[in-house]
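Below: the structure, in structure tokens.
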Amino acid sequence: MASHKQPKVILFDIGGVCVLSPFQSILNYELSLGIPPGWINYSISKTAPNGFWHRLERGEIALGDTFYAGFNADLHDPGRWTAFYQSQKPGQSPPPVPKLDGEWLFNDMMSHSTSPDPWMYPALRALHASGKFLLAAVSNTVVFPPGHALYTADFFHGDPLRALFDVFVSSAHVGLRKPDPRIYAHTLRAVDRFAREHADEARGRAGGWRDGVRADEVVFLDDIGENLKGGRKAGFRTIKVNLGRAFEAVDELEAVTGLKLAGGHPRIPIKPKFGTKASL
């Protein structure tokens, strides 16, 4: 990332940045079944903007039987499977659509993403302890219903990770999800408002918050290229967090902030875990 003056805001995605990526769960599942890697992400992305996954993350439908049935249907579309398979193996006839358990996959993805990233989470805690930056998050989220293993009664304050942020923009609560340009605009308004409301506090005075926040005073971290592209279009500076290698992004954050942020976790990339590879 090009050299700039220090930002006022460090803006984080959550899954794949602050916590382990759900994409690792997807990859593990694909490899364990012998499915060409990328099929599940392709299937989800090609149902945008109104696939069941996207509607769930905008809070338009609840997590339950209707979602699971719709998500399963999205994952078993013959036309999408044919297009994907032929993009991977041109000229070959595709086998039948792989049989996937969408409910199991979804919950495995969500459970996988409860674990803090061993490199980024210590950096986030160090940033919070420094008090030098307005810390914000913009995340495509899911609201878990009562009775679900991941249910939290107080979404914004009942989770130790979310409590580290001054501003937390949840897609399921605002009805917008990345990379919709409107969620970046919403986020910029939220951090600008927070800065102005806290301008007379010690952090606000030290950080020059009285003038609010401009887009170019935000550094945005995400693991998805499309989301980062949306952030750049909104005027944010961006840092890519690569799957299993968040320590590289921590290095960039240290350069941007001038702070020592890295913890003591070994700088060894996380690799997929899978059992015997089945033949498709």
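Basis for what follows: all heavy atoms, side chains included, without hydrogens, waters or symmetry-related copies.
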Is Lys132 atom NZ crowded by more than 12 heavy atoms from other residues, nucleotides or ligands, each under 6.0 Å away? no
Do Pro36 and Tyr42 have side-chain heavy atoms sitting under 4.5 Å apart? no
Rounded to the nearest 0.5 Å, the CD1 atom of Ile40 sits from the CZ atom of Phe84 at a distance of 9.5 Å
Provide the closest heavy-atom pair for Phe165 versus Cys18 in the form atom of the first, atom of the second, distance. CZ-SG, 4.2 Å
Under 4.5 Å between side-chain heavy atoms, counting indirect links through other Ile/Leu/Val/Met/Phe/Trp/Tyr residues: same cluster for Val138 and Ile14 or not? no
Consider only side-chain heavy atoms of I, L, V, M, F, W and Y, link residues closer than 4.5 Å, and tell whether Tyr184 and Val241 are in one cluster. no
pair Val142-Leu150: side-chain heavy atoms closer than 4.5 Å: no
Which residues share a salt bridge (Lys or Arg N to Asp or Glu O under 4.0 Å) with Asp180, sequence neighbours left out: Arg182
Does the side chain of Thr152 reach to within under 4.5 Å of the side chain of Phe144, using non-hydrogen atoms? no
Which heavy atom of Gly212 sits nearest a heavy atom of Asp192, and at what distance? CA-OD1, 3.2 Å
Stepwise, does the side-chain contact (heavy atoms from CB on, under 4.5 Å) test hold for Leu100 with Leu33? CA-CA 9 Å; Leu100 306 177; Leu33 297 176; 3.8 Å; yes
For Arg267, which residues count as a salt bridge (Lys or Arg N to Asp or Glu O under 4.0 Å) partner, sequence neighbours excluded? Asp251
For Arg232, salt bridge (Lys or Arg N to Asp or Glu O under 4.0 Å) partners two or more places apart: none
Quick check: do Gln6 and Phe133 have side-chain heavy atoms less than 4.5 Å from each other? yes
Taking the side chain from Asn140 and the backbone from Ser171, do they hold a donor-acceptor pair closer than 3.5 Å? no
By side chain to side chain contact (heavy atoms under 4.5 Å, CB included), which residues pair with Ser43, not counting sequence neighbours? Trp39, Leu75, Arg80
Any ion pair linking Asp77 and Lys46 (charged N to carboxylate O, less than 4.0 Å)? no
Any chance you could measure Leu243, atom CG, to Phe23, atom CZ, to the nearest 0.5 Å? 9.0 Å
Who passes side chain to side chain contact (heavy atoms under 4.5 Å, CB included) against Asp211, sequence neighbours left out? Lys8
Which pair of non-hydrogen atoms, one from His186 and one from Val169, has the smallest distance, and what is that distance? CD2-CG1, 3.8 Å
Quick one: does any side-chain atom of Glu217 pair with a main-chain N or O of Arg214 as donor and acceptor, under 3.5 Å? yes
The criterion is side chain to side chain contact (heavy atoms under 4.5 Å, CB included); which residues satisfy it with Asp166, sequence neighbours excluded? Leu134, Leu135, Phe194, Arg203
Spell out, yes or no, whether Leu228 and Leu221 are grouped together once hydrophobic residues are joined by side-chain heavy atoms under 4.5 Å, including indirect joins. no
From Arg58 CZ over to Ile183 CD1, what is the distance, rounded to the nearest 0.5 angstrom? 10.5 Å
How far apart are the closest heavy atoms of Leu63 and Leu56, and which atoms are they? N-CD1, 3.7 Å
Hey, does Pro122 have a side-chain heavy atom less than 4.5 Å from the side chain of His265? no
Counting only heavy atoms not in Glu226, do more than 12 fall under 6.0 Å of its CD? no
How many angstroms lie between atom CD1 of Ile10 and atom CG of Leu124, to the nearest 0.5 angstrom? 10.5 Å
Linking I/L/V/M/F/W/Y whenever their side-chain heavy atoms sit closer than 4.5 Å, directly or via other members, would Val191 and Val17 fall into one cluster? no
Any non-hydrogen side-chain atom of Ile44 less than 4.5 Å from a side-chain atom of His54? yes
Are Ile61 and Val174 joined in one hydrophobic group, where the rule is that I, L, V, M, F, W and Y side chains link up if heavy atoms are under 4.5 Å apart? no
Salt bridge (Lys or Arg N to Asp or Glu O under 4.0 Å) with Arg245: which residues, sequence neighbours excluded? Glu248
Is a side-chain donor or acceptor of Glu254 paired with a backbone partner of Ala262 at a separation under 3.5 angstrom? yes
Checking one residue: Val143. Which other hydrophobic residues are in its cluster under the side-chain 4.5 Å linking rule? none
Suppose the criterion is side chain to side chain donor-acceptor pair (under 3.5 Å): which pairs have a residue in residues 111-120, not counting sequence neighbours? none
Quick check: do Asp13 and Lys178 have side-chain heavy atoms less than 4.5 Å from each other? yes
Taking atom types as modelled, is there a side-chain donor on Asn107 or Tyr68 under 3.5 Å from an acceptor on the other? yes
Between the CG atom in Leu161 and the CZ atom in Arg125, the distance rounded to the nearest 0.5 Å is 10.0 Å
Got a sec, which residues hit ring-ring contact (aromatic ring centres under 6.0 Å, His included) with Tyr151, two or more places apart in sequence or on another chain? none
List for me each residue that meets side chain to side chain contact (heavy atoms under 4.5 Å, CB included) alongside Thr82, sequence neighbours excluded, and say none if there are none. Gln86, Pro94
All ring-ring contact (aromatic ring centres under 6.0 Å, His included) counterparts of Phe67, not counting sequence neighbours: Phe71, Phe106
Distance, nearest 0.5 Å, that separates OG of Ser170 from CZ of Arg177: 12.0 Å
